[in-house]
J.: 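Below you will find the structure I want to go over with you.
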Amino acid sequence: MPELPEVETIARGLETRVAGDTVESVWIGSRPQPLKSPASAIAATLEGKRIARVHRAGKHIVFDLEAQPNQGGRLARRQPRPAASLPTAQWIVHLGMTGRMVVCEPAAEIAKHTHLIAKLASGRELRFIDPRMFGKLSVHSGGFDPGGVEPLEVSEERFVALFRGRKTPIKSALLNQKLLRGVGNIYADEALFRAGIRPRRRAAAITREQLRKLHRAVREVLREAIALGGSSISDYVDADGEEGFFQLQHRVYGREAEPCLVCGTAIRRVVLAGRSSHYCPKCQK
DNA sequence: ATACCGACCTGTCAGC
DNA sequence: TGCTGACAGGTCGGTA
């Protein structure tokens with residue numbers, strides 16, 4: 001489901017709502033698919049830890065966890081952080097296609113496909129729900145390295161260098177998380193439209209000037225999407241249960257056979273690397 | 001290195 | 001009403 005703007009929106013919401021809280025206990029369902037780390041390791045890593053910060057890396061939600069200097073969540077939560085660094089860990093959540101993270105009261109009905117519930121010292125619960133189970137949960141004691149570079153931070157030169165000389169279609173390269181992390185099917189299509197490049201163009205065949213344009217287009221489309229809370233296609237909601245609004249700004253994604261907003265030509269849909277790809281045959285070369 | 005395909009899962013919707 | 005197939009924001013591993 002979620003690409004960079006949706007994950008960013010969710011991570012910000014979680015940062016606001018659960019940072020500073022402490023995980024008291026963890027329940028994990030019996031479906032092993034979403035677990036990249038053993039359930040016992042996830043529970044042991046989370047329990048008793050303070051959530052210092054929630055942020056995003058590519059399409060991953062990263063919870064920075066801190067060991068508590070003393071027992072008991074509620075009291076410890078108010079303690080100032082000691083200067084000496086305590087052992088830290090990270091809880092990594094990848095939402096896959098249909099994953100959701102919600103913060104709710106314990107009395108709230110447990111949704112179907114709930115795979116993890118973390119009880120917090122504040123009395124609320126943090127729940128991971130994922131019908132298709134393409135999501136992944138893992139814990140790391142060292143640093144977590146998602147690979148690739150952040151599209152919103154990468155310099156123009158670095159961006160151009162990522163794609164120059166590659167024989168793969170530019171869209172496949174945009175979706176490759178080892179190069180650029182966070183761009184998915186919607187934003188790849190939207191960025192390519194704005195840059196005037198067809199999805200199947202070989203990266204190596206794109207001029208430096210066009211790659212610069214693509215760099216700007218990727219950043220622009222991601223920023224605009226974050227500002228609107230992401231794209232809600234069928235079931236995406238943020239940590240507060242709110243839908244995003246960027247789907248109303250899509251210029252090609254999901255608009256097969258509809259007129260191009262620039263030239264009126266019918267938007268085309270082709271399958272590339274197993275994914276639907278949308279483009280305007282006139283505006284994109 | 002690259003590219004295509006199926007696999008992993010469940011849910012929804014269109015068409016018959 | 002119900003069946004079937006296509007499709008869905010993502011990634012991985014196998015095979016040419």
Side-chain angles (χ1 to χ4, degrees), chain A residues 1-11 29-37 56-61 92-101 111-115 128-138 144-148 151 162-192 199-205 218 221-222 224-226 228-239 242-257 269-278:
Chain A
M1 156 178 71
E3 306 181 31
L4 187 152
E6 292 76 35
V7 179
E8 178 70 27
T9 303
I10 293 164
S30 54
R31 308 296 295 269
Q33 284 86 346
L35 308 181
K36 247 171 105 185
S37 303
R56 176 192 63 76
K59 295 176 191 170
H60 303 268
I61 301 169
I92 309 299
V93 176
H94 191 298
L95 298 171
M97 293 278 260
T98 51
R100 291 168 55 196
M101 294 287 297
K112 200 176 172 185
H113 308 300
T114 298
H115 304 297
F128 172 69
I129 304 157
D130 185 12
R132 286 179 76 180
M133 293 184 282
F134 288 171
K136 294 279 181 285
L137 305 179
S138 61
F144 165 69
D145 176 20
L162 280 179
F163 301 109
R164 290 218 59 139
R166 292 189 181 269
K167 293 173 185 166
T168 190
I170 184 63
K171 180 167 173 188
S172 300
L174 283 174
L175 293 178
N176 184 345
Q177 304 294 299
K178 291 192 169 65
L179 299 176
L180 209 57
R181 62 185 192 222
V183 175
N185 206 34
I186 294 175
Y187 300 104
D189 280 4
E190 293 297 319
L192 286 168
R200 272 196 210 281
R201 277 281 294 286
R202 308 276 134 182
V218 166
V221 77
L222 293 176
E224 289 177 20
I226 290 170
L228 292 181
S231 301
S232 290
I233 302 294
S234 61
D235 52 6
Y236 160 74
V237 289
D238 68 16
E242 300 290 334
E243 293 190 348
F245 294 97
F246 193 72
Q247 67 280 8
L248 304 174
Q249 304 296 320
H250 292 174
R251 300 182 190 172
V252 286
Y253 184 86
R255 299 193 63 244
E256 181 186 10
R269 172 180 169 276
V270 296
V271 175
L272 199 172
R275 317 295 304 277
S276 280
S277 301
H278 313 74

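We use all heavy atoms of the structure for the numbers below, so side chains are in, but hydrogens, waters and symmetry mates are not. Labels below follow one simple rule: chain letters A, B, ... track the order of the sequence lines, proteins then strands, and each chain is numbered from 1. Since the structure is predicted, the reported quantities are computational estimates derived from the model, not experimental observations.
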J.: Using whole Å, what does the distance between atom C1' of nucleotide dC7(C) and atom CG of N185(A) come to?
T.: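 In whole Å, dC7(C) C1' lies 12 Å from N185(A) CG.
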
J.: Does the side chain of R275(A) get closer than 4.0 angstrom to OP1 or OP2 of dC5(B) through an N or O atom?
T.: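 So the side-chain polar atoms of R275(A) never come under 4.0 Å of the phosphate oxygens OP1 or OP2 of dC5(B).
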
J.: Starting from the C-alpha separation in whole Å, work towards a yes-or-no answer on ring pair (Phe, Tyr, Trp, His ring centres under 6.0 Å) for F144(A) and H60(A).
T.: CA-CA 10 Å; F144(A) 165 69; H60(A) 303 268; 5.0 Å; yes

J.: How is K59(A) classified with respect to the nucleic acid when contacts are heavy atoms under 4.0 Å: base, sugar-phosphate, or nothing?
T.: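 Answer is sugar-phosphate: K59(A) comes under 4.0 Å of backbone atoms only.
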
J.: Checking all strands, does R200(A) fall into the base, sugar-phosphate, or nothing category for heavy-atom contacts under 4.0 angstrom?
T.: nothing

J.: Expected output is a numbered-order residue list: members of residues 173-184 of chain A with a heavy atom under 4.0 Å from any atom of DNA chain C. What is it?
T.: Q177(A), G184(A)

J.: Once you round it to whole Å, what is the distance between P of dG10(C) and NZ of K36(A)?
T.: 16 Å

J.: Give the minimum heavy-atom separation between S172(A) and A273(A), together with the two atoms involved.
T.: OG-CB, 4.1 Å

J.: With a 3.5 Å cut-off and no angle check, do the side chains of D130(A) and T98(A) form a donor-acceptor pair?
T.: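 The criterion, which ignores hydrogens and geometry beyond distance, is satisfied for T98(A) and D130(A).
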
J.: E190(A) vs R251(A), test: side chain to side chain contact (heavy atoms under 4.5 Å, CB included). Steps then yes/no.
T.: CA-CA 7 Å; E190(A) 293 297 319; R251(A) 300 182 190 172; 3.6 Å; yes

J.: Could you walk me through whether H115(A) and R31(A) pass the side chain to side chain contact (heavy atoms under 4.5 Å, CB included) check?
T.: CA-CA 7 Å; H115(A) 304 297; R31(A) 308 296 295 269; 4.2 Å; yes

J.: Take R100(A) and F128(A) through the test side chain to side chain contact (heavy atoms under 4.5 Å, CB included) and record every step on the way to the result.
T.: CA-CA 6 Å; R100(A) 291 168 55 196; F128(A) 172 69; over 6 Å; no

J.: May I ask you to verify if any side-chain N or O of H94(A) is less than 4.0 angstrom from the OP1 or OP2 atom of dT11(C)?
T.: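 Yes, because at least one side-chain N or O of H94(A) sits under 4.0 Å from OP1 or OP2 of dT11(C).
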
J.: Round to a whole Å and report the spacing from NE2 of H278(A) to P of dC7(C).
T.: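 The answer, rounded to whole Å, is 10 Å.
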
J.: Less than 4.0 angstrom between a side-chain N/O of S276(A) and OP1 or OP2 of dA8(C), yes or no?
T.: yes

J.: How does each nucleotide of nucleotides 7-12 of chain B score, in 5' to 3' order, for protein heavy atoms under 4.0 Å: base (B), sugar-phosphate only (S), or none (-)?
T.: -BBBS-

J.: As a check on the pairing definition, encode DNA chain C in dot-bracket form, counting Watson-Crick and G-U wobble pairs whose two distances are under 3.5 Å, and using | for partners outside this strand.
T.: .|||||||.|||||||

J.: Listed by chain and number, what are the side chain to side chain donor-acceptor pair (under 3.5 Å) partners of K171(A), not counting sequence neighbours?
T.: N185(A), D189(A), S277(A)

J.: Considering non-hydrogen atoms only, spot the tightest contact between R255(A) and H278(A) and give its length.
T.: N-CD2, 4.2 Å

J.: Under a plain distance cut-off of 3.5 Å, with no hydrogens placed, do S231(A) and Y253(A) share a side-chain donor-acceptor pair?
T.: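 Distance-only check fails for Y253(A) and S231(A).
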
J.: What pair of heavy atoms forms the shortest contact from M133(A) to K136(A), and how long is it?
T.: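 In this case the closest contact between M133(A) and K136(A) is O-NZ, 4.5 Å.
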
J.: Please report the distance separating the P of dA6(C) from the corresponding atom of dC5(B), rounded so that it comes out in whole Å.
T.: 15 Å

J.: So which atom in P151(A) and which in V183(A) form the shortest heavy-atom distance, rounded to 0.1 Å?
T.: CG-CG2, 4.1 Å

J.: Just how far, in rounded Å, is P of dT2(B) from NZ of K171(A)?
T.: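 In whole Å, dT2(B) P and K171(A) NZ are 18 Å from each other.
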
J.: Return yes if a side-chain donor-acceptor contact under 3.5 Å exists between E3(A) and Y236(A), otherwise no.
T.: no

J.: Give the nucleotide from the list dT2(B), dA8(C), dG10(C) with an atom nearest to the side chain of E3(A).
T.: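 Taking heavy atoms from C-beta onward, the closest nucleotide is dG10(C).
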
J.: Using whole Å, report how far CZ of F163(A) lies from C1' of dA1(B).
T.: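 Roughly 16 Å, once rounded to whole Å.
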
J.: In whole Å, I'd like the distance from the CG atom of L272(A) to the C1' atom of dA3(B).
T.: 10 Å

J.: Looking only at the side chain of R166(A) (C-beta and beyond, no hydrogens), which of the listed nucleotides dA3(B), dT2(B), dC7(C) gets closest?
T.: dT2(B)

J.: Tell me, with the steps shown, if I226(A) and E6(A) meet side chain to side chain contact (heavy atoms under 4.5 Å, CB included).
T.: CA-CA 7 Å; I226(A) 290 170; E6(A) 292 76 35; over 6 Å; no

J.: Applying side chain to side chain donor-acceptor pair (under 3.5 Å), name anything that partners R201(A), two or more places apart in sequence or on another chain.
T.: Q210(A)

J.: Looking only at heavy atoms, which two atoms of G184(A) and L175(A) are closest? And how far apart?
T.: C-CD2, 3.3 Å

J.: Base, sugar-phosphate or nothing for S231(A)? Non-hydrogen atoms, less than 4.0 Å.
T.: base

J.: Kindly state which residues belonging to residues 248-257 of chain A come within less than 4.0 angstrom of DNA chain B, counting heavy atoms of the residue only, listed by number.
T.: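 Going residue by residue through residues 248-257 of chain A, none turns out to have a heavy atom under 4.0 Å of DNA chain B.
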
J.: Taking the P atom of each, how far is dG6(B) from dG5(C), in whole Å?
T.: 15 Å

